[in-house]
Each structure stands twice: as structure tokens, then as C-alpha cells.
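What's counted below: heavy atoms across the whole structure, side chains too, no hydrogens, waters or symmetry copies.
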Amino acid sequence: MSDTNSLTMDAPVERSLLDTGVQDIIGKPIDRIEGPKKVSGAATYAAEYQFDDMAYGVLVGARIGAGRVVNIDADSVRAIPGVIDVVTDLKTFLRNPQQGGQEGAPTQGVKEIFYQGTIIAIVLAESFEAARDAAQRLKVEYEEHEGVFDFDANSDSADKPADDMIPAHSEQGDIDAAIAAADASVDATFVTPSQSSAAMEPHASIATWDDDGALTVYGSYQMPTSNVSQLAKSLGVSEKKVRIIAAYVGGGFGSKLGISAEAVAAAIASKQLGRPVKAVMARQQVFEATVRRSNTQQRLRLAAKADGTLTMIAHETLTSNLEGEDYFEPAGIGTHFLYAGESRRITHDIVRLNLLLSGSMRAPGEAVGMLALEGAMDELAEKLGMDPVDLRKKNDPSVDPEKDIPYSTRGLSRCLDEGAAKFGWADRPMQPGSRREGEWLIGMGMASACRANMLMQSSASVTLNPDGTATIATAMTDIGTGSYTILAQIAGELLGLPVERITVRLGDTADAPAAGSGGSWGAGSAGSAVYLACENLRGQLAKAMGVDAEAMTLKDGTVIGDNRAVPIQSLVGDGIQATGEIKPGSQEKQTTQAAFGAHFCEVAVNVVTGETRVRRMLGVFTAGRILNAKTARSQCLGGMTFGIGTALTEDLIHDPRNGKLVNRDLAEYHVPVNADVPQQEVIFLEERDIHTNPLHAKGIGELGISGAGAAIANAVYNATGVRVREYPITLDKLLEGLPAV
């Protein structure tokens with residue numbers, strides 16, 4: 001028997017079944033159920049599937065920044081032993097990857113080159129080594145054109161992008177009048193560089209075609225359901241003929257939201273060759289040919305009364321992207337709702353450059369936008385002679401300052417108070433540069449955190465098997481965030497089964513479609529689908545038991561009701577199945593939904609070298625129901641570590657003369673390593689949000705990075721008295737302002 005239980009979030013879910021379960025596993029710090037497979041090598045990632053007669057493909061990227069391909073001389077490498085062929089399709093190969101969640105084909109056609117690294121060919125061989133050798137020797141003739149590579153030199157030509165999910169421009173009140181009447185104001189420009197997601201697993205695809213023309217791609221992708229649509233339309237085939245399998249994904253951070261060049265190249269090559277084809281991007285190609293977080297130039301203006309009441313916020317951002325692409329880094333996305341202020345202006349404009357695609361990277365908008373907003377708030381607090389925590393609490397609004405609707409829940413002030421008390425904020429040096437330990441200047445900083453909560457249409461099937469076990473199947477993915485475990489916990493709590501008796505199957509588009517992992521919506525969306533399927537199964541069990549579902553208790557594989565205790569397998573026969581489907585509804589328009597937090601940080605800066613060391617960090621968060629204390633903490637720790645990189649080390653550098661990416665590997669692009677990361681502490685405050693989903697949970701994957709870098713930057717200022725507004729805060733930007741030894 002199979003049934004579907006659908007819910008559109010048009011009204012609050014006052015009562016969650018998770019509060020009635022007695023299995024007592026929801027929220028617990030349960031180890032990841034797939035963890036042993038990952039650490040033992042038993043988890044199969046995209047590049048690790050084995051097929052008979054598989055050919056190895058190595059991608060070839062363009063070596064000019066603007067121009068056209070005149071000739072690709074395949075004969076120049078065909079004689080190399082082991083080489084099979086050189087495949088290219090200048091019309092069909094992807095010029096750009098696709099943005100996350102889009103269902104159309106990405107921009108195609110690579111005869112015209114718009115950035116260095118564009119994938120123009122794939123060399124096929126019987127071994128990877130032969131393919132790599134041939135790819136390096138392949139002769140390509142170009143006609144080079146003049147490109148636009150320098151952001152600063154072309155910032156005056158920025159254009160307004162089309163409004164999509166996020167308005168590019170918004171304004172209310174009178175900005176100029178607010179500034180004129182202010183008792184204190186800030187007008188500062190903050191600069192952030194391009195950044196790379198730098199996921200551990202490179203982009204990889206294995207393509208294989210069946211005799212009936214069906215394509216299966218084993219790929220490293222975050223959103224397989226929409227990726228199928230993108231891939232099918234790129235190739236001109238029916239979506240029903242395309243399947244993507246992404247059972248394990250070794251990190252993505254946004255770079256694997258949309259289909260990239262290697263998937264299309266592998267599919268075309270496999271079709272032509274009549275054999276499975278594997279294509280794995282080299283690390284340098286991941287940097288050059290997937291996506292980057294755009295660099296930004298952000299002007300922040302704040303105006304306030306003497307008591308700290310904000311009267312105006314203006315957040316104006318310049319970002320960059322390729323011609324024809326309307327995605328912009330939404331740096332002001334959190335500014336819309338984080339603080340009060342009657343007059344407001346938030347704008348985003350795009351400078352068109354011949355650099356690789358700008359797209360979503362973990363916490364798109366907040367990760368770099370809050371470096372500016374929270375830095376400006378720190379500067380305003382100093383001008384007012386006010387504690388930075390108190391300034392933020394003063395401007396903690398009760399309703400959305402732009403939409404004039406209530407927050408579903410809002411825990412910012414609670415996080416600020418808890419964090420200040422736990423961190424010892426009262427001991428912060430009042431005078432910047434006043435605390436010293438030998439060669440080290442010591443300082444503390446803080447910043448708010450916020451991240452909008454989103455719900456996306458998703459579905460999942462849950463089967464109760466004849467042996468009393470359960471199986472969850474959905475195209476949702478696990479990119480290292482704990483999806484396998486969280487979904488098992490939800491089902492286990494609702495069906496009264498230990499996690500060990502639940503099998504979770506993820507990342508296969510042959511299963512129920514799901515929104516996938518992105519935007520911090522994964523757990524709330526796929527988890528709600530599992531919840532709804534289990535709710536249906538509970539009804540089926542109650543009917544088989546002859547009792548009311550409300551009067552039934554499920555625990556350790558036993559159904560208890562009407563003074564009877566029956567093993568669950570005796571009620572399911574040959575097995576029963578249900579599908580759950582969740583859809584966003586009017587609740588997201590009637591309330592502003594977001595998770596909140598506060599970061600506190602202590603740094604030491606060496607007066608001789610300018611070296612900055614983060615000594616300790618604390619993050620306090622409210623994010624609805626926490627589904628797994630361990631995986632949630634891990635997500636916030638990862639986000640806070642991201643913040644260290646954002647503040648101190650990460651800088652994706654393009655040569656302004658030709659667009660060449662200078663630091664295109666993990667040796668030269670500096671993400672934080674173990675020695676850079678101090679002991680971090682994460683605290684979750686109790687919260688339930690009845691407006692978000694039936695789980696009462698909120699997204700958490702991107703909350704931890706939001707504001708983290710700003711807390712570090714503010715601590716550096718408190719330590720040194722040197723205010724750096726151009727990130728990352730490298731020692732050369734500090735040395736001149738440091739005191740004498």
C-alpha cells in the first residue's frame with residue numbers, strides 16, 4: 001500500500017509530532033550513520049564508480065581571457081599511446097556552469113571565450129595518465145580579443161541586475177535628511193575579494209548511456225533534481241531519459257548547486273564513444289571553471305540618535321559577473337531585516353568582467369555583507385561611546401522594519417546577552433590597543449549573526465518493511481552536513497524505531513524529487529517530507545491496529561495501543577509505504593523567518609610581525625528545533641572557521657591584465673588550517689518555530705559564517721586600534737599602524 005501526505009505551509013503547525021514521540025532520539029548528538037563508510041573508504045563518491053570498458057577523460061581549458069577558438073588540433077595528440085580521441089562540441093559545451101535551483105540549461109557555446117579556463121575539449125584515453133599527457137600537449141589556436149578584467153577601473157560602468165528572488169534595489173524614507181539630523185553617523189567603504197568554495201572533493205562525473213538512449217551520470221552535485229533538468233536541456237534530451245546519482249558529495253559550499261562543464265563533456269564523449277566516460281576536474285580547473293563568490297565594494301552609511309537609535313541604514317554594493325548573468329552577491333540581504341531604522345537604502349549593481357562565473361557560495365550575501373554591516377556598527381558604537389552589544393540590542397526590532405510583518409521568532413537579544421555573559425565581554429579592553437602581553441596585542445570583538453530561513457518543495461518516500469525496518473528514499477543529498485542521520489532520526493522518532501533499523505537512500509533522481517542541499521533549506525525541506533510520510537504511516541499502523549492514531553505509542557519497534565503491544569512487523573504485511581511532500585505557502589509571506597546568533601572573538605596581534613592569531617571564539621544561536629546536537633554544532637563550527645578564512649586569509653586573485661587566476665590551488669589559496677583555528681564553542685538556545693515547517697526547525701548550515709568574520713575584524717581593531725576595511729586582514733595592512741616594539 002502507498003499513499004501521499006502533502007502539506008503547504010499556509011498556516012502555523014501548532015503541534016509537532018516530534019514533541020509526542022518517545023523514542024527519544026530527536027535532537028540527540030547521534031553519530032553520523034554513514035560516518036564509518038566514509039572513514040573506511042566504503043562510501044562511493046562520484047569518481048569512484050567502476051565500469052567495464054570505461055574511458056578516462058581529461059578536460060582542456062582555454063588559455064585566453066577573451067577571444068575565440070580558431071582551431072583545436074586533435075591530430076597533435078592522437079598518436080600518443082593510449083589516446084582514444086579528442087571530443088569537443090563548441091556549440092553544446094558549457095560556457096558557464098548553471099546557478100543553483102535553475103531548471104534551464106546553463107549558458108552554452110565555447111567558440112567565443114569569455115574567461116580563462118573555459119572548458120573547450122575533453123581528451124579521452126585508456127588511462128588517466130595518457131589522457132592527462134595528451135591534454136597538456138593538445139594544440140589550440142586562438143584569436144585573442146581585448147577583455148575587461150579590472151574591477152576598479154570599470155566600476156563606473158556597473159548596471160542594475162534584474163530582480164529575481166531578491167530585490168536588487170530597495171529604498172524607503174529620506175536618507176539625506178536622516179544623515180543631516182543624526183547625532184552620530186558612519187560612512188565607510190568595505191572591500192571584499194573574490195573567494196572560492198574550495199570543496200575537498202573536486203567536481204567529477206561519470207556518464208554512461210543505455211541502449212535505449214537513457215543517460216546516467218554519477219556526479220558530485222548538491223541538487224540532483226534540478227540538475228537533471230539542466231543537464232537534459234543542455235543535451236537536448238528528455239528529462240525522463242536522464243538520471244543523476246550523487247549518493248555522497250565531498251563538500252560543495254555552493255559550487256555544486258548547478259551543472260558544470262565536466263558533466264556535459266562526459267555525457268557528449270560517452271555518447272560518441274559508446275563507452276562510459278569519467279571526467280574529473282583537476283584542482284586548478286575547479287578554481288578556474290566552476291564558480292566564485294564575487295568580489296564586492298560596499299558603502300555602508302549609518303545614522304543614529306545620541307541614545308543609539310538607528311534612523312538610517314544605507315548599504316550599497318558593487319559586485320561583478322559575466323555579461324548576460326544577472327546573479328549578484330546579495331550583500332545587503334541580512335541588512336533588510338536585521339536592525340531597525342526608518343530610512344533605508346539597499347542596492348546591488350554589477351560590474352561586467354571577463355572572469356569566471358559569480359555564483360552562490362556558502363551564505364551568499366551574509367558572509368561578506370555582514371563584514372561591512374557589522375564593521376560599520378562597531379564604528380558607530382565607538383562614535384557614540386556605546387557598548388557594541390548594547391547598540392545592537394537597542395536596534396533589535398519587534399517587526400520587520402521594511403515589510404512591517406512579525407518575525408516568526410527572533411532571538412537576537414537573547415543570543416547577545418548569553419554570549420556576552422559566557423564570553424566575559426565585560427572584560428573587553430575599552431581603549432583599543434591598550435592590552436598587551438609581551439609582543440602580542442589582545443582584543444575582543446563581536447558581531448550579530450542572521451540568516452533567512454527558506455522552505456523548498458521536496459518529497460520523500462518511507463517504507464516500513466516486512467522485517468520491521470524502515471527505508472527512506474529521496475533525491476535529497478548529504479554534502480557532509482548530516483542529512484543521512486537527521487532524516488533517520490526524524491523517521492525513528494515518529495515510527496518508534498532505533499536509528500540502526502533505518503536505511504536512508506539519498507542523491508538518486510530515480511527516487512522522490514527534492515530541493516537538495518543549498519540555502520540551508522535541506523533539513524527543513526527534506527526532513528518535513530520524511531515527517532509527512534511518517535505521519536501517514538502512523539495512520540496506516542493505527543488503522544491496522546484498530547486504534548486512534550492519537551492514542552498510539554511507538555517505541556523500539558513496538559506499537560502500543562488499546563492495552564496491547566504489537567511488533568511493528570506484524571502490522572505491515574508485505575510492507576507499507578507513504579510519500580510525504582512539503583511546499584512553501586503563505587507563512588513565508590506573513591512572517592519574516594530567520595535564524596539569529598551572536599559571535600564573540602578574542603585575537604592576539606603581534607606588534608613585530610603583524611601576525612593575527614584567533615585565540616577563542618564563541619557562537620550563540622537560535623535556529624528553531626535542533627534536530628541533531630552534534631551535526632548542528634559541527635555546521636556552526638565549520639561556519640565559524642569559514643569566518644576565519646574570510647577575515648584573515650582567503651583572497652582569490654585575478655591578474656587585472658588578462659584575467660588569469662593566479663592562486664588556483666589549495667597551496668596558494670589559503671583556507672584556514674588546523675593551526676589557524678582555536679578552540680571554538682557553540683551554544684544553541686531553546687527555540688521552536690511553528691511557522692517554518694512541521695519540524696519547528698530552521699536552517700543552520702550558513703548561520704555560523706554570518707557575522708563570524710566581522711567579529712574577528714572588530715577584535716583586531718580592539719587589539720590594535722587599526723581599522724582595516726579591505727579584506728582579508730593580512731599583516732601588511734596592519735604593520736604601519738602598529739605601535740613601536
Run the side chain to side chain donor-acceptor pair (under 3.5 Å) test on S448 and Y339 for me, step by step, so that the C-alpha distance in whole Å, both residues' side-chain angles and the decisive distance to 0.1 Å come before the verdict. CA-CA 10 Å; S448 298; Y339 298 123; 2.8 Å; yes
Side chain to side chain donor-acceptor pair (under 3.5 Å) for T730 and D732? Distances and angles first, verdict last. CA-CA 6 Å; T730 46; D732 55 300; 2.6 Å; yes
Run T335 and H315 through side chain to side chain donor-acceptor pair (under 3.5 Å) and show every step you take. CA-CA 7 Å; T335 310; H315 193 167; 2.8 Å; yes
List the steps and the verdict of side chain to side chain donor-acceptor pair (under 3.5 Å) for T296 and T192. CA-CA 5 Å; T296 72; T192 67; 2.5 Å; yes
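For F642, the ring pair (Phe, Tyr, Trp, His ring centres under 6.0 Å) test picks out F253, with sequence neighbours left out. Judged as a side-chain contact (heavy atoms from CB on, under 4.5 Å), and not counting sequence neighbours, the contacts of D651 are P193, I653, P728. Every side-chain contact (heavy atoms from CB on, under 4.5 Å) that E681 has, sequence neighbours left out, goes to L618, I683. Partners of S360 according to the side-chain contact (heavy atoms from CB on, under 4.5 Å) rule, which considers only residues two or more places apart in sequence or in another chain, are L257, Y327, P364. For A529, the side-chain contact (heavy atoms from CB on, under 4.5 Å) partners two or more places apart in sequence, or in a different chain, are A460. Every residue two or more places apart in sequence or in another chain was checked for a side chain to side chain donor-acceptor pair (under 3.5 Å) with E726, and none qualifies. Not a single side chain to side chain donor-acceptor pair (under 3.5 Å) links S458 to another residue, sequence neighbours left out. Residues satisfying the salt bridge (Lys or Arg N to Asp or Glu O under 4.0 Å) test with K394, not counting sequence neighbours, are D307.
Using cut-offs of 30° and 60° for the angle between ring planes, the H599 and F621 rings count as perpendicular.
When atom types are taken as modelled, the side chain of D187 and the backbone of R301 share no donor-acceptor pair closer than 3.5 angstrom. Between the N453 side chain and the G699 main chain, a donor and an acceptor come within less than 3.5 Å of each other. Side chain of S517 to backbone of I479: no donor-acceptor contact under 3.5 angstrom is found. Listed for the T591 side chain is a donor-acceptor partner under 3.5 Å among the backbone atoms of Q587. In this structure, the side chain of N354 engages the main chain of F114 through a donor-acceptor pair within 3.5 Å.
In summary, the side chains of D676 and H670 do not present any donor paired with an acceptor at a separation below 3.5 Å, with no hydrogens or angles considered. Side-chain contact of E650 with Y727: a donor-acceptor pair under 3.5 Å is absent, judged by distance alone.
Every pair passing salt bridge (Lys or Arg N to Asp or Glu O under 4.0 Å) that includes a residue from residues 691-710 is listed here, sequence neighbours excluded: R451-E702, E687-K698, D689-K698. Here salt bridge (Lys or Arg N to Asp or Glu O under 4.0 Å) pairs that include residues 403-414, with residues two or more places apart or in two chains, are D396-R410. Counting only residues at least two apart or on different chains, the salt bridge (Lys or Arg N to Asp or Glu O under 4.0 Å) pairs with a member in residues 167-178 are E171-R345. Applying the salt bridge (Lys or Arg N to Asp or Glu O under 4.0 Å) test to residues at least two apart or on different chains, the pairs with a partner in residues 153-162 are D159-R352, K160-D163.
Between E342 and R344, no side-chain nitrogen of the basic residue sits less than 4.0 Å from a carboxylate oxygen of the acidic one, so the salt-bridge criterion is not met.
For the pair R616 and F423, the cation-pi test (distance below 6.0 Å, angle within 45°) is passed.
Results of the side-chain hydrogen bond (donor to acceptor under 3.5 Å, both in side chains) test with E329 over Q298, R293, H348 single out R293 as the only residue that passes.
Atoms CD and CZ, on Q297 and R725 in that order, are 13.0 Å from each other to the nearest 0.5 Å.
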